[in-house]
Amino acid sequence: MGRRLIVSGVPKRIVSLVPSQTEFLSALGLEEEVVGITKFCIYPDAWFQEKTRVGGTKKVKMDIVRALNPDLIIGNKEENTKEDIALLSAEFPVWMSDVNSLEDAYSMMLSVGEICGKVVESENLVQQIKENLKQVKGIGKGKKVLYFIWHDPDFVVGKETYIDSMLTFLGYENECKVGRYPELQTLESYEPDFVLLSSEPFPFSAQHVTYFQNLFPKAEIKFVDGELFSWYGSRMKEINSKALFVEK
């Protein structure tokens, strides 16, 4: 992102603005250091119940952050707004991740581990994840997919995204060649082998199967765990072929 951050010493008061990175901070054992999270940081549950909430990922409450007086704020380019980060950066050290691939996820974890004095813990976690992911590498066997994240209008996962990187690692071919998360208006022109309906952010359910089956009569409609496909960090340890797909 072209940003430079200088921190003096190991942070003792951390505010996390990203749910998946909050979960990762917990995995590093930073129970005492993390003092603030967002209302969407639902894992771990004990933190969600007990930690101070500083608003949402898109609308941070500056007064609450100021009261917490953090010596490090951790955000993400996609999750947080440019306006919020500019305001926060004017008063506090803000470290930002920009995660669009598996390699970016590994880099994020190692960098946060270094900043927070958890180098060994972060290195061990990354190694565990890499070993775990070996069991699912290539399971897609070149099958074409469309990964939907919203309905009416219909938005899908495109290129230059972490989810696309995960699909590629799994061996799937993303039918959408446009960058980021485009709205597809000519759905009938695609011929995917699988239509993947994510569990987040849109609550796809069994009632949507008929709609997509009519659009793509040759495709198999599958529900997927959106957290496993999109949460970069310690959640990646839980990925396996059975957990990725869910029944509705």
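Ile85 is not connected to Phe40 by any chain of hydrophobic side-chain contacts under 4.5 Å among Ile, Leu, Val, Met, Phe, Trp and Tyr, and they are in different clusters. A single hydrophobic cluster is seen to contain both Leu72 and Leu110, as judged by linkage of ILVMFWY side chains at heavy-atom distances under 4.5 Å, directly or through other members. No path of Ile, Leu, Val, Met, Phe, Trp and Tyr side chains, each step under 4.5 Å between heavy atoms, connects Leu28 with Phe48, placing them in separate hydrophobic clusters. Cluster annotation: Leu215 and Leu197 are assigned to the same hydrophobic cluster (Ile/Leu/Val/Met/Phe/Trp/Tyr, side-chain heavy-atom contacts under 4.5 Å, transitive). Hydrophobic clustering (ILVMFWY, side-chain heavy atoms < 4.5 Å, transitive): Tyr43 and Val99 are in distinct clusters.
Annotation: side chain of Cys116 is in contact with side chain of Ile14 (closest heavy-atom distance under 4.5 Å). Inter-residue side-chain proximity for Val94 and Arg3 is flagged as met; some heavy-atom pair is nearer than 4.5 Å. Using a 4.5 Å heavy-atom threshold, the side chains of Asn132 and Gln135 count as touching.
For the atom pair Ile37 CD1 and Trp47 CH2, the distance stands at 8.0 Å (nearest 0.5 Å). Taking CD of Glu175 as the reference point, atom OG of Ser189 lies at 8.5 Å (rounded to 0.5 Å). For the atom pair Leu196 CG and Phe223 CZ, the distance stands at 11.0 Å (nearest 0.5 Å). Taken to the nearest 0.5 Å, the CD1 atom of Ile129 stands 10.0 Å off from the CD atom of Glu238. In this structure, CG in Leu167 is found 7.5 Å from OG1 in Thr161, a value given to the nearest 0.5 Å.
For Arg13, there are no side chain to side chain donor-acceptor pair (under 3.5 Å) partners two or more places apart in sequence or in a different chain. Looking at residues two or more places apart in sequence or on another chain, you find no salt bridge (Lys or Arg N to Asp or Glu O under 4.0 Å) involving Arg53.
Here the closest heavy-atom approach between residue Ser26 and residue Pro44 is recorded as OG-CG, 3.5 Å. Nearest heavy atoms, Ser16 versus Gln21: OG-C, 4.1 Å. The minimum heavy-atom distance between Ser122 and Gly113, with the atom names listed, is OG-CA, 3.6 Å. Scanning both residues, Val54 and Ile64, for their nearest heavy atoms gives CG1-CG2, 3.9 Å. Minimum heavy-atom separation, Ser234 to Leu125: CB-CD2, 3.9 Å. Here the closest heavy-atom approach between residue Thr57 and residue Pro19 is recorded as CG2-CD, 3.8 Å.
In Glu183, the CD atom is crowded: over 12 heavy atoms of neighbouring residues, nucleotides or ligands sit closer than 6.0 Å. Within 6.0 Å of the NZ atom in Lys58, the count of heavy atoms belonging to other residues, nucleotides or ligands exceeds 12. Crowding of Lys61 atom NZ: a count of heavy atoms from other residues, nucleotides or ligands under 6.0 Å not exceeding 12. Heavy atoms from other residues, nucleotides or ligands lying under 6.0 Å from CD of Glu114 number 12 at most.
Under the 3.5 Å distance criterion, with hydrogens and angles disregarded, a donor-acceptor pair is assigned to the side chains of Glu200 and Trp231.
Checking Asn174, Val195, Ile163 one by one against Tyr147, the side-chain contact (heavy atoms from CB on, under 4.5 Å) holds for a single residue, Ile163.
Ion pairing of Arg66 with Glu91 is present here, as a side-chain N (NZ or NE/NH1/NH2) and a carboxylate O approach within less than 4.0 Å.
For residues 150-163, the set of pairs meeting the salt bridge (Lys or Arg N to Asp or Glu O under 4.0 Å) definition, not counting sequence neighbours, comprises Lys159-Asp164.
A ring-centre distance under 6.0 Å is not found for Phe148 and His208.
Phe245 and Tyr172 have perpendicular rings, their planes meeting at more than 60° on a 0 to 90° scale where under 30° would count as parallel. Using bins of under 30°, 30° to 60° and over 60° for the plane-to-plane angle, the ring pair Phe212/Phe216 lands in the parallel bin.
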Salt bridge (Lys or Arg N to Asp or Glu O under 4.0 Å) between Lys51 and Glu31: does it pass, once the steps are laid out? CA-CA 10 Å; Lys51 299 286 185 185; Glu31 166 69 35; 3.6 Å; yes
